Amino acid sequence: AQAPAVVTVTGAAGQIGYALLFRIVSGAMLGHGTPIRLRLLEVPQAVKAAEGTAMELDDCAFPLLAGIDIFDDARAAFEGANVALLVGARPRSAGMERGDLLSANGGIFKPQGEAINAGAADDVKVLVVGNPANTNAYIAAQHAPDVPRERFTAMTRLDHNRALAQLAARTGSHVDDIRHLTIWGNHSATQYPDLTHATVRGVPATSLVDPAWVQDTFIPTVARRGAAIIEARGSSSAASAANAAIDHVHTWVKGTRDGDWTSAAIVSDGSYGVPEGLVSSFPVTASGGEWSIVQGLEIDAASRARIDASVSELVEERDAVHALGLV
Ligand code: NAX
């Protein structure tokens, strides 16, 4: 039998954690042949709730579950981690300035980066879900100098999946008929959902939808979907976010399908004018456990302006993090 993969999940007692853990242990993330050893990290006051979730995981009698350990100490939680899902973060509270938000999250992602550096497995793959996800991933990566930077990623797969669903609905097609959609930039309202390269059953999406719909409906609906979910549900996206985290890691490990790409925020190598080192969303393929940025795409002027706007927000966040002494 295959040796268990060690999967560390932070914020395990939160609402995304509750939707995520059962799917991981069902085999949806790493495949049905890989047993899972869970290491859960929570703040001390939420450890008891995480223990309750662990009781329910036991009660599922999942054949792949090889064990669960719960910690309130990052060093212990990331010991031996092959996959690290960084979900727990400090949310923006009313009246909080960006500097306060970044400082609070620096206090979480700096020690977690250090803990990953100290104890994670050599092949560790890190996905940051907790917001501001791109910059939290940047902070963690900066504090893990011995881990290749490309192992630190942030989640824009939920945005990507939202874009697929919107385009499929508009064109009366199935999500599986769509290829080559891209989310660029930051996981925030400035993100750019780009369908200029997308096809629906091989037909360019831009020939199937009108430009006004793209500008006035598609882009804002995808970029502001999180707020719409909060308004409708009374709490933020949870199961769909967990599903996107499963998709992100599954793609990373198993690869993208032939003739398609997906979106992930990865460390920029300077492609498409995105400053080297920023964690920014790109069109990406995965193969052999590594992401590659899709090269050579033609970027029209409108796309260029939107990408630049989102990337400049990431530059501001990075500069603020440096000014605050968080890296
Ligand atoms: P919850 O508030 O339900 O859960 C967060 C959990 O994290 C809590 O149990 C809390 O105790 C724990 N936590 C806080 N600090 C911690 C630390 N230092 N170590 C370990 N655990 C810690 O939030 P939830 O709805 O689960 O969302 C989690 C994060 O995902 C938030 O930052 C949220 O903004 C972000 N999201 C990111 C998305 C994305 O697409 N990248 C979409 C969904 C979601 O909004």
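This is a predicted model, so every value here is computed, not measured. Whatever order the structure lists ligands and atoms in, that order sets their numbers, starting from 1.
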Determine whether the side chain, the backbone, both or neither of V87 has a heavy atom under 4.0 Å from any heavy atom of ligand 1.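 It is both parts that get close, each with some atom under 4.0 Å.
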Tell me the contacting part of Q112 for ligand 1: side chain, backbone, both, or neither, using a 4.0 Å heavy-atom threshold, strictly below.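 Side chain only.
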Side chain of R233, backbone of S236: donor and acceptor closer than 3.5 Å?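 A pair under 3.5 Å: yes.
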Is the backbone of G259 close enough, under 3.5 Å, to the side chain of H180 for a donor and an acceptor to pair up by distance? yes
May I ask you to check if ligand 1 and [X] share an N or O to N or O distance below 3.5 Å?
X	answer
H187	yes
G17	no
I16	yes
N131	yes

So which protein heavy atom does [atom] come closest to, and at what separation?
atom	value
atom 22 (C) of ligand 1	V43 CG1, 3.8 Å
atom 43 (C) of ligand 1	A241 CB, 3.5 Å
atom 8 (C) of ligand 1	E42 OE2, 3.5 Å
atom 5 (C) of ligand 1	G14 CA, 4.2 Å
atom 42 (C) of ligand 1	L158 CD2, 3.8 Å

Kindly state if atom 18 (N) of ligand 1 has a protein heavy atom within a strict 4.0 Å cut-off, that is, under 4.0 Å? yes
Between [Y] and [X], is there a salt bridge with N-O shorter than 4.0 Å?
X	Y	value
D100	R90	no
R306	D300	no
E231	R224	no
K110	E114	yes

Quick check on contacts: which atoms of ligand 1 are under 4.0 angstrom from a heavy atom of [X]?
X	result
S236	25 (O)
I108	15 (N), 18 (N)
S237	43 (C)
G11	6 (C), 7 (O), 12 (C), 20 (C), 21 (N)

Please work out whether the ring planes of W213 and F218 are parallel, tilted or perpendicular, with thresholds of 30° and 60°. tilted
The criterion is ring pair (Phe, Tyr, Trp, His ring centres under 6.0 Å); which residues satisfy it with Y138, sequence neighbours excluded?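 Once residues adjacent in sequence are excluded, the partners of Y138 under the ring pair (Phe, Tyr, Trp, His ring centres under 6.0 Å) criterion are H322.
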Looking at non-hydrogen atoms alone, which of Q45, Q15, M155 comes nearest to atom 24 (P) of ligand 1? Q15
For atom 41 (N) of ligand 1, state which one of V129, D159, L86 supplies the nearest heavy atom. V129
Kindly write out the residues that satisfy side chain to side chain contact (heavy atoms under 4.5 Å, CB included) with A264, not counting sequence neighbours, or none if the list is empty. H248, I266, V284, W291
Contact between [X] and ligand 1, counting heavy atoms under 4.0 Å?
X	value
A238	no
P91	no
A13	yes

Nearest 0.5 Å please: distance from the CZ atom of R170 over to the CG atom of D210.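 These two atoms lie 6.0 Å from each other.
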Has Q15 got more than 12 heavy atoms of other residues, nucleotides or ligands less than 6.0 Å from its CD? yes
Tell me, with the steps shown, if I36 and L30 meet side-chain contact (heavy atoms from CB on, under 4.5 Å). CA-CA 9 Å; I36 306 282; L30 297 179; 3.8 Å; yes
Same cluster or not: are V87 and I229 linked, directly or through other Ile, Leu, Val, Met, Phe, Trp or Tyr residues, by side-chain heavy atoms under 4.5 angstrom apart? no
